[in-house]
Visitor: 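Below: one structure in structure tokens.
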Amino acid sequence: MENVLLHSCCAPCSAAIIEWMLAHDILPTIYYYNPNIFPLEEYEKRKGEITRYASSLGLNIIDGDWEHEAWRAMVRGLENEPERGRRCQKCFDMRLESAARKCAELGLKRFTTSLASSRWKSLEQVDAAGMRAQNLVPGVLYWAKNWRKDGLQERRSQLIRLNGFYNQQWCGCEFSHEAMIRWRARKVQDQQSADCTCGKN
């Protein structure tokens, strides 16, 4: 089996990819490096879920450091960027460069990421970060596969239910969490306005 490094953002995004790889004679070494996640309790919760899943399959998982202050420095000045904006690109760049370096350190040839499986992420941004990392680290290749195809999006949902994964509703950083709270508030407000309108008819 070929050994590929899989950068994992969380269990819900990774499980279907891992299952697909094993079915295609590819052995993933899982690399959990997500310094964007905040607070530390949230980071540990997500790490615990992917560790639990990896352990159930007998897979090796490597825990990267929680370098949140370094991440904050990387995105300084971009705090108010929208999701899929320049802050996200910087975030992907940092995480996939680390994945590429870990891939080279382990003597592996290819790396990929579960970030590409989420419909909330820009596939173009993720792939740009992967290619950037490949160009920075000699001897490794970024595997730019669209992990949303081949039934993997549907299988993702099934595996979340089957494994009872903690399934977060935001990407992980404090800025996306604030955006999610504002989005939910707007949704509630819109529903309340719709209810009021219906009551007048």
Side-chain angles (χ1 to χ4, degrees), residues 4-14 17-18 28-55 59-108 110-118 120-122 125-143 147 165-181:
V4 168
L5 185 128
L6 170 63
H7 167 261
S8 170
C9 59
C10 63
C13 288
S14 303
I17 297 173
I18 292 169
T29 292
I30 302 164
Y31 183 50
Y32 183 80
Y33 178 72
N34 302 291
N36 60 305
I37 297 175
F38 185 85
L40 180 59
E41 291 77 11
E42 179 69 20
Y43 174 89
E44 294 291 350
K45 186 181 290 187
R46 298 187 192 198
K47 182 178 75 174
E49 288 293 83
I50 186 59
T51 300
R52 173 170 69 88
Y53 186 66
S55 297
L59 298 175
N60 185 34
I61 182 166
I62 299 168
D63 180 17
D65 294 329
W66 187 62
E67 301 172 323
H68 192 67
E69 288 307 312
W71 180 86
R72 284 293 300 258
M74 173 74 73
V75 301
R76 188 165 292 129
L78 303 174
E79 293 87 350
N80 295 318
E81 282 282 308
E83 291 297 294
R84 298 190 175 202
R86 291 179 297 161
R87 186 185 66 243
C88 291
Q89 188 65 68
K90 285 282 189 182
C91 180
F92 298 157
D93 286 348
M94 181 178 184
R95 292 151 83 184
L96 293 193
E97 181 179 340
S98 179
R101 296 193 185 284
K102 181 58 67 174
C103 185
E105 177 188 319
L106 296 173
L108 304 180
R110 290 200 291 171
F111 69 101
T112 190
T113 178
S114 65
L115 289 168
S117 76
S118 172
W120 300 110
K121 302 289 187 295
S122 163
Q125 284 187 324
V126 173
D127 285 345
M131 294 306 297
R132 172 186 175 275
Q134 171 186 292
N135 292 333
L136 286 172
V137 182
V140 300
L141 295 173
Y142 172 63
W143 185 8
W147 295 109
F165 288 139
Y166 164 64
N167 189 24
Q168 63 285 345
Q169 301 299 309
W170 77 101
C171 91
C173 76
E174 50 266 54
F175 310 115
S176 68
H177 186 258
E178 291 164 7
M180 181 267 292
I181 291 172

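If you're wondering where the values come from, they're calculated on a predicted model, not measured in any experiment.
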Visitor: Show, in sequence, the C-alpha distance, side-chain angles and deciding distance for Arg101 and Glu97, and conclude whether the salt bridge (charged side-chain N to carboxylate O under 4.0 Å, His left out) test is met.
Guide: CA-CA 6 Å; Arg101 296 193 185 284; Glu97 181 179 340; 3.1 Å; yes

Visitor: Between Leu106 and Val140, does a side-chain contact (heavy atoms from CB on, under 4.5 Å) hold up when you go through it step by step?
Guide: CA-CA 11 Å; Leu106 296 173; Val140 300; over 6 Å; no

Visitor: List the atom of Leu96, the atom of Gly130, and the distance in Å for their closest heavy-atom pair.
Guide: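 Taking Leu96 first and Gly130 second, the nearest heavy atoms are CD1-N, 3.5 Å.
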
Visitor: Mind checking whether Cys88 and Glu83 have side chains closer than 4.5 Å, heavy atoms only?
Guide: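 Yes; the side chains approach each other to less than 4.5 Å.
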
Visitor: Tyr43 and Gly64: which non-hydrogen atoms are nearest, and at how many Å?
Guide: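 What the structure gives for the nearest pair is OH-O, 2.9 Å.
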
Visitor: Quick one: do Arg87 and Cys173 satisfy side-chain contact (heavy atoms from CB on, under 4.5 Å)? Show the steps, please.
Guide: CA-CA 11 Å; Arg87 186 185 66 243; Cys173 76; 4.1 Å; yes

Visitor: Nearest 0.5 Å, please: how far is CG in Asn80 from CZ in Phe175?
Guide: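 It is 8.0 Å, given to the nearest 0.5 Å.
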
Visitor: Decide yes or no for Cys9 and Arg95: does some side-chain heavy atom of the first lie under 4.5 Å from some side-chain heavy atom of the second?
Guide: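 Counting from C-beta outward, Cys9 and Arg95 do come under 4.5 Å.
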
Visitor: Rounded at 0.5 Å granularity, tell me how far OH in Tyr53 sits from CD1 in Ile30.
Guide: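 The CD1 atom of Ile30 is 8.5 Å from OH of Tyr53, to the nearest 0.5 Å.
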
Visitor: Kindly say whether the aromatic ring centers of His68 and Phe38 come within a distance under 6.0 Å.
Guide: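 Between His68 and Phe38, the centre distance is under 6.0 Å.
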
Visitor: To the closest 0.5 Å, what do you measure between CG (Asp127) and OG1 (Thr112)?
Guide: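 Spacing of CG (Asp127) from OG1 (Thr112) equals 8.0 Å.
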
Visitor: As an exercise, state the distance from CZ of Arg46 to OG of Ser14, rounded to the nearest 0.5 Å.
Guide: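 Rounded to the nearest 0.5 Å, the CZ-OG separation comes out at 11.5 Å.
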
Visitor: Looking at Glu49 and Tyr166, would you say the former's side chain and the latter's main chain have a donor-acceptor pair under 3.5 Å?
Guide: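 Here the side-chain-to-backbone pair exists.
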
Visitor: Are the side chains of Ile37 and Tyr32 in contact, using a 4.5 Å heavy-atom criterion?
Guide: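 Side-chain contact under 4.5 Å: yes.
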
Visitor: Hey, is NZ on Lys90 packed in by over 12 heavy atoms from elsewhere, all under 6.0 Å?
Guide: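 Open.
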
Visitor: Show the atom names and distances, to 0.1 Å, of all donor-acceptor pairs under 3.5 Å that link a side chain in residues 71-79 to residues at least two apart or in another chain.
Guide:
{"unit_1": "Arg72", "atom_1": "NH1", "unit_2": "Glu174", "atom_2": "OE2", "d": "2.7"}
{"unit_1": "Glu79", "atom_1": "OE1", "unit_2": "Gly77", "atom_2": "N", "d": "2.9"}
{"unit_1": "Glu79", "atom_1": "OE2", "unit_2": "Gly77", "atom_2": "N", "d": "3.3"}

Visitor: Which atoms form the tightest heavy-atom contact between Ala116 and Trp147, and what is the distance?
Guide: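 Shortest heavy-atom separation between Ala116 and Trp147 comes out as CB-CD1, 3.9 Å.
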
Visitor: If I compare all heavy atoms of Ala133 with all of Phe111, which pair ends up nearest, and what's the gap?
Guide: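 Looking at all heavy atoms of both residues, the closest pair is CB-CZ, 3.9 Å.
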
Visitor: Start with the C-alpha distance between Ile17 and Ser117, add both sets of side-chain angles, then the distance that settles side-chain contact (heavy atoms from CB on, under 4.5 Å), and finish with yes or no.
Guide: CA-CA 8 Å; Ile17 297 173; Ser117 76; 3.9 Å; yes

Visitor: List in chain and number order the residues that pass ring-ring contact (aromatic ring centres under 6.0 Å, His included) with Phe92, two or more places apart in sequence or in another chain; answer none if no residue qualifies.
Guide: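 Partners of Phe92 under the ring-ring contact (aromatic ring centres under 6.0 Å, His included) test: none.
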
Visitor: Enter the distance from Trp143:CH2 to Leu5:CG here, rounded to the nearest 0.5 Å.
Guide: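 Trp143 CH2 to Leu5 CG: 12.0 Å, rounded to 0.5 Å.
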
Visitor: If you define the side chain from C-beta out and look only at heavy atoms, does anything of Gln168 sit under 4.5 Å from Lys45?
Guide: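 Not touching, per the 4.5 Å side-chain cut-off.
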
Visitor: Within a strict 4.5 Å, meaning less than it, do heavy atoms of the Leu115 and His7 side chains meet?
Guide: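 Heavy-atom side-chain distance check passes, below 4.5 Å.
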
Visitor: Taking atom SG of Cys171 and atom CG of Asn36, what is their separation to the nearest 0.5 Å?
Guide: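 If we round to the nearest 0.5 Å, Cys171:SG and Asn36:CG are 5.5 Å apart.
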
Visitor: Pick one: which of Tyr142, Tyr31, Tyr33 meets side chain to side chain contact (heavy atoms under 4.5 Å, CB included) with Thr113?
Guide: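 Testing each of Tyr142, Tyr31, Tyr33 against Thr113, the sole residue satisfying side chain to side chain contact (heavy atoms under 4.5 Å, CB included) is Tyr142.
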
